[in-house]
Amino acid sequence: MHIQIDCEHNAKSFFAMMMKFSNVLLRFAAIGATYAALLSAPVHSADPGKTLRLSFSTAETSYDNAFASDEISQSIGERIIEPMLRYHYLARPVKLVPRTLEALPVVSDNGATFLCKIKPGIFFADDAAFNGKQRELTAADYAYSIKRLLDPKVKSPWQFLIEGKLIGGDEARAAAVASGKFDYDTPLPGLEVVDRYTLRIKLTATDYNFTYILAMPSTGAAAREVVDMYGLDIGSHPVGTGPFQLKRDEYKRGSTTVLVANPNYRKDVWDWTSSAPEDQAAIKAMTGKPVPAVGRVEIYTIEEGQAQWLSFISGQHDYLTQLPASMTNVAKDGDTLKPEFASKGIRLEKRQTPNVWYTMFNMTDPTVGGYTPDKIALRRAISMGFPLDEQIRVIYRGDAVPANGVTPPNVVGHQAQRGRSHQYDPELARALLDRFGYKDRDGDGYREMPDGSPLVVPYVARTSLLQRQLAELWKKSMDGIGIKLAIETMKTPDMRKAAREGKGKMTLEGWNADYPDAENFLQSLISGNAKPGGENYARFQFKEFDDRYDKIRSMPNSPARAQLITQMEDIVKYYAPWIAPWNDIQYTLEQPWLMGFKKHPISHDTWEYVDVGPIPVSK
């Protein structure tokens, strides 16, 4: 999924403000009610007096799980709409476990058929679409929801998950394109509803990663009558079987999302186990508690890093999903939390999330796009002219490492033996530009195109101060090699909307692992995703790359598969649709009263597995 774009703010007077707020007691009036409710709440249900509060730096785009692809929308949406599988909360290395299924799917036909048996007695949250009746989850709901990924009108960026895989799927989509309407009623050979609780999924070929797809939010179960009722507004009316439901009367798009415990959620208790020493405190604090434990979750959009930090350090928020880069020097020394915060019981957790950040080009752009030697030379010169190490050291305060390719560490297919992908050599960049005819003909300090026309490269920056600082570094470095960069400012949802329509421009982008395999990262560069609604924002299309991608999808992890991945990485490095890749190092901050939280390297934050305890009174 696309990573949230961190929005930071660098304030000189921040430390004084932080000290002012650090002793403020928040939610004082709610404490009595919270603990009275704690004493009286049934052991099998969430405590309505408990509220978990947090923030994200980017706004959601949609809570339609078939359409949303950004980290924020999926993090929230998955608490509402459930896929069949989930990741074990504590297990490392990661492993899948049942969610709404009785057991993991039974796999047959050499990894081409998956038999999924749903637990009876799972119900959707109440909604007007159900006409006052309780609505049970069935196999048909999952079949319908997977079909939605194929429906051209949904414009799902997740179509690639089943494109060319599901028997009859491509034909059903082609018929929908021809007729203008997807036929949800005609049975699909690849989605056989065996009985009320059994779904058999049949693929055209072996796919060793398909079980991971059944744990992704995009394959979660939506009820057809809900989608039909809300139509184009389904993104603001998610209804599912998950532990929480959207409180619509408090939902403010792009600003505030409030979730409340779903009273129809099946009875569940916290029973995760682990032998890891670092997990024992959470196990002791949480075992036997209801899932969810908190009755309410409030999520705020706070763009600037300073404001996010202030909300956390003053006690307004229970944890900080990611320490803003601009606050790194304020909060920690190296990997250690500063004593003034550690003494308050605040916890700092370092995490290695499998992700990759990069600067992308639109390969259809008349200036920087294209596959001819002169266009390749331009993109590679831009890459060599950019000081990635300075970006990491100055802007991201050292909390990142240069990447050695598209596939990050801790993912199957990552090749640690590869050297770093990015090379900083402005002298070589200038020589390359000269060689291919990009020269300053009028003496203004900026180069022209080989045909003498102006060379101007648009760069899209996000609206935060940190992203503007990054844009300034790009501008300065491109000035150094004689390339004029035109900076445009755009909010992340708007940028991604334009990119999905094929109108993307040179900009920073990133991807977090949806499942721990190189395939999940490489799919962002295949031709099949270079279409309206697709996640190939660079619109890179290269047959040799596609052919290798098709092969690795049906291969187990092996030296032969690794060789194909190496070749794909080499293609990306040579043609440069993505440049200057890096992997960030992230830190989570937790308040002393937050219990049970553990960041998962793949899965989104599971707020149903955490609890909040007494808030200490400052003296």
- Evaluate the side chain to side chain contact (heavy atoms under 4.5 Å, CB included) criterion for residues D70 and T58: first the C-alpha distance (whole Å), next the side-chain angles of each, then the deciding distance (0.1 Å), finally the verdict. CA-CA 9 Å; D70 61 282; T58 305; over 6 Å; no

- Task: Could you please spell out the steps behind the side chain to side chain donor-acceptor pair (under 3.5 Å) verdict for T113 and R200?
- Result: CA-CA 7 Å; T113 300; R200 181 179 287 115; over 6 Å; no

- Query: Going through the distances and angles, do Y142 and T100 end up as a side chain to side chain donor-acceptor pair (under 3.5 Å)?
  - Reply: CA-CA 11 Å; Y142 279 111; T100 60; 2.7 Å; yes

- Could you walk me through whether N520 and W511 pass side chain to side chain donor-acceptor pair (under 3.5 Å), step by step? CA-CA 9 Å; N520 182 237; W511 191 265; 3.1 Å; yes

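Taking 4.5 Å as the limit, every side-chain heavy atom of D64 sits out of range of all side-chain heavy atoms of P238. Considering only heavy atoms from C-beta on, Y144 comes within 4.5 Å of V227 through its side chain.
Looking at E78, its side chain never comes within 3.5 Å of a backbone N or O of S75 through a donor-acceptor pair. Using modelled atom types, one side-chain atom of Q591 and one backbone atom of F312 make a donor-acceptor pair closer than 3.5 Å. Side chain of H317 to backbone of Y319: no donor-acceptor contact under 3.5 angstrom is found. A donor-acceptor pair under 3.5 Å links the side-chain atoms of D207 to the main chain of N209, judged by distance alone. Side chain of N65 to main chain of G220: a donor-acceptor pair is present (N/O by atom type, distance under 3.5 Å, no hydrogens or angles). When atom types are taken as modelled, the side chain of S145 and the backbone of A222 share a donor-acceptor pair closer than 3.5 angstrom. When atom types are taken as modelled, the side chain of D47 and the backbone of G295 share no donor-acceptor pair closer than 3.5 angstrom. A distance-only check finds a donor-acceptor pair linking the side chain of N262 to the backbone of G242 [under 3.5 Å]. The backbone N or O of V193 sits nowhere less than 3.5 Å from a side-chain atom of T198 that would complete a donor-acceptor pair. Formation of a donor-acceptor pair under 3.5 Å by the T353 side chain with backbone atoms of N355 is not found in this model.
Judged by distance alone, the side chains of D517 and Y208 never bring a donor and an acceptor atom under 3.5 Å apart. Donor-acceptor pairing under 3.5 Å is lacking for the side chains of S57 and E303. Donor-acceptor pairing under 3.5 Å is lacking for the side chains of W357 and Y396. Of the N and O atoms on the side chains of K531 and Q159, at least one donor lies less than 3.5 Å from an acceptor on the other residue. Side chain to side chain, D318 and W593 meet the donor-acceptor criterion of an N or O pair below 3.5 Å. Counting only N and O atoms by type, the side chains of Q308 and S55 include a donor and acceptor under 3.5 Å apart. Side chains of Y184 and D151: a donor-acceptor N/O pair is present below 3.5 angstrom, by distance only. Using a 3.5 Å distance cut-off with no hydrogens or angles, the side chains of T492 and R462 do pair a donor with an acceptor. Side-chain contact, N529 with Q523: a donor N or O sits under 3.5 Å from an acceptor N or O. There is a side-chain donor-acceptor pair under 3.5 Å between Y197 and E136. Side-chain contact check for R500 and S69: at least one donor-acceptor pair (N or O, by modelled atom type) lies under 3.5 Å. Of the N and O atoms on the side chains of T257 and Y63, at least one donor lies less than 3.5 Å from an acceptor on the other residue. Side-chain contact of Y230 with D127: a donor-acceptor pair under 3.5 Å is present, judged by distance alone. Neither side chain, R351 nor Y587, offers a donor N or O lying under 3.5 Å from an acceptor on the other. R496 and T61 share no side-chain donor-acceptor pair at under 3.5 Å. A donor atom on one side chain and an acceptor atom on the other are not found under 3.5 Å apart for S311 and R53. With hydrogens and angles left out, the side-chain atoms of Y89 and E608 include no donor and acceptor closer than 3.5 Å. D233 and H237 share a side-chain donor-acceptor pair at under 3.5 Å.
K50 has a carboxylate O that lies under 4.0 Å from a charged side-chain N of D611, or vice versa, which qualifies the two as a salt bridge. Between R135 and D141 a salt bridge is recorded (basic side-chain N to carboxylate O distance below 4.0 Å). Between E163 and K165 there is no salt bridge, since none of the side-chain N atoms of the basic residue sits less than 4.0 Å from a carboxylate O of the acidic one. We find that E82 and R266 are joined by a salt bridge, their nearest charged nitrogen and carboxylate oxygen being less than 4.0 Å apart. With respect to the salt-bridge test (charged N to carboxylate O, under 4.0 angstrom), the residues K202 and E192 qualify.
Of the inter-residue distances, the one linking D271 atom CG with T287 atom OG1 reads 8.0 Å to the nearest 0.5 angstrom. In this structure, I201 CD1 and I167 CD1 are separated by 11.5 Å, a value rounded to the nearest 0.5 Å. Rounded to the nearest 0.5 angstrom, L161 CG and S156 OG are separated by 7.5 Å. Interatomic distance, S524 OG to M1 CE, rounded to the nearest 0.5 Å: 11.0 Å.
By the neighbour-count criterion of 12 heavy atoms within 6.0 Å, atom NZ of K153 is sparsely surrounded, having that number or fewer from other residues, nucleotides or ligands.
Residues passing the ring-ring contact (aromatic ring centres under 6.0 Å, His included) test with F124 are F130, sequence neighbours excluded.
Each of R347, K598, K599 was scored for a side-chain hydrogen bond (donor to acceptor under 3.5 Å, both in side chains) with E590, with one residue passing: R347.
Between P408 and P354 the shortest heavy-atom distance is CG-C, 3.9 Å.
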